[in-house]
**Student:** 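Please see the structure below; I have some questions.
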Amino acid sequence: FLPDDIEYRGYDINPSYIDYALKKYKNRKNTRFICELITSKEQLGENYYDIAICGGVLHHLSDSEASSLLKIIVQSLKPHGCLVTYD
């Protein structure tokens, strides 16, 4: 449902989900799907994203893992960026 002219990056540790996304959205420009666990701010970059969405992720993590991930995501957002989570 996203416009074609945006840059989108999707991360998941499940290779099946990444394979599905790669096939379904293969014609979208500026779209990348990455199969890896986010563990450092270097993976995402600092002050890069306008919006970050964490869907169905946090309930799988321990409190310390969730805290670490959220810190990394917040660092990757632009100054007025937005983080949306849902589980």
Side-chain angles (χ1 to χ4, degrees):
F1 300 110
L2 299 172
D4 288 333
D5 62 342
I6 66 158
E7 181 179 347
Y8 178 88
R9 280 196 221 169
Y11 286 84
D12 203 295
I13 60 170
N14 186 326
S16 297
Y17 292 168
I18 296 297
D19 289 343
Y20 175 81
L22 287 168
K23 289 175 188 165
K24 184 171 182 177
Y25 300 106
K26 64 183 173 190
N27 294 326
R28 284 189 65 105
K29 295 179 182 178
N30 300 317
T31 300
R32 291 181 51 209
F33 297 101
I34 301 146
C35 188
E36 64 185 32
L37 187 63
I38 297 170
T39 58
S40 73
K41 66 181 182 179
E42 288 75 25
Q43 287 172 276
L44 301 180
E46 286 190 56
N47 300 320
Y48 189 79
Y49 298 98
D50 295 305
I51 301 170
I53 301 170
C54 231
V57 173
L58 297 178
H59 72 274
H60 291 289
L61 306 176
S62 69
D63 288 350
S64 63
E65 291 170 326
S67 178
S68 177
L69 177 62
L70 291 172
K71 286 177 186 173
I72 291 167
I73 292 171
V74 166
Q75 291 174 334
S76 76
L77 291 171
K78 291 179 181 177
H80 296 287
C82 177
L83 167 61
V84 177
T85 69
Y86 60 91
D87 276 87

**Student:** Is the count of non-hydrogen atoms from other residues, nucleotides or ligands lying under 6.0 Å from Asn14 atom CG greater than 12?
**Tutor:**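 Yes, enclosed.
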**Student:** In terms of hydrophobic clusters joined by side-chain contacts under 4.5 Å, are Ile73 and Leu37 together?
**Tutor:** no
**Student:** Looking at every non-hydrogen atom in both residues, tell me the closest pair between Leu77 and Cys82 and how far apart they are.
**Tutor:** CD2-O, 3.8 Å
**Student:** Not counting sequence neighbours, which residues clear side chain to side chain donor-acceptor pair (under 3.5 Å) with Gln43? List them please.
**Tutor:**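 So Gln43 forms a side chain to side chain donor-acceptor pair (under 3.5 Å) with Glu36, Thr39.
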**Student:** Looking only at heavy atoms, what is the nearest atom pair of Asp87 and Leu58, with distance?
**Tutor:** OD2-N, 3.3 Å
**Student:** Considering all heavy atoms of both residues, which atom of Ser76 and which atom of Leu44 are nearest to each other, and what is their separation?
**Tutor:**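 For Ser76 versus Leu44, the nearest heavy atoms are CB-CB, 3.7 Å.
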**Student:** Determine whether a donor-acceptor pair (N or O, by modelled atom type, separation under 3.5 Å) exists between the side chain of Thr31 and the backbone of Lys29.
**Tutor:** yes
**Student:** Within this structure, what is the CZ-CD1 distance for the pair Arg9 and Ile38, rounded to the nearest 0.5 Å?
**Tutor:** 10.0 Å
**Student:** I'd like a table of donor-acceptor pairs (distance under 3.5 Å, sequence neighbours excluded) in which one partner is a side-chain atom from residues 1-8, with atom names and distances.
**Tutor:**
residue : atom : partner : partner atom : Å
Asp4    : OD1  : Arg28   : NH1          : 3.4
Glu7    : OE1  : Tyr48   : OH           : 2.9
Glu7    : OE2  : Tyr48   : OH           : 2.8

**Student:** Atom CD1 in Ile72, atom OG in Ser67: separation rounded to 0.5 Å?
**Tutor:**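 Spacing of CD1 (Ile72) from OG (Ser67) equals 10.0 Å.
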**Student:** Taking all heavy atoms of Ile18 and all of Tyr11, pick out the closest pair and write down the distance.
**Tutor:** CD1-C, 4.4 Å
**Student:** Please check if atom CD1 in Ile51 has more than 12 non-hydrogen atoms from other residues, nucleotides or ligands closer than 6.0 Å.
**Tutor:** no
**Student:** Under the rule for side chain to side chain donor-acceptor pair (under 3.5 Å), what residues qualify as partners of Asp19, not counting sequence neighbours?
**Tutor:**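 Scan of Asp19 (side chain to side chain donor-acceptor pair (under 3.5 Å), adjacent residues dropped) gives none.
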**Student:** With the 4.5 Å side-chain cut-off for hydrophobic clustering, are Tyr17 and Phe33 part of the same group?
**Tutor:** no
**Student:** Side-chain contact, heavy-atom cut-off 4.5 Å: Ile53 with Tyr86?
**Tutor:**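 They are in contact (side-chain heavy atoms under 4.5 Å apart), so the answer is yes.
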**Student:** Verify the neighbour count for atom CD1 of Ile13: are there more than 12 heavy atoms of other residues, nucleotides or ligands below 6.0 Å?
**Tutor:** no
**Student:** Output the distance between atom CG (Leu70) and atom CD (Gln75), rounded to the nearest 0.5 Å.
**Tutor:** 11.5 Å
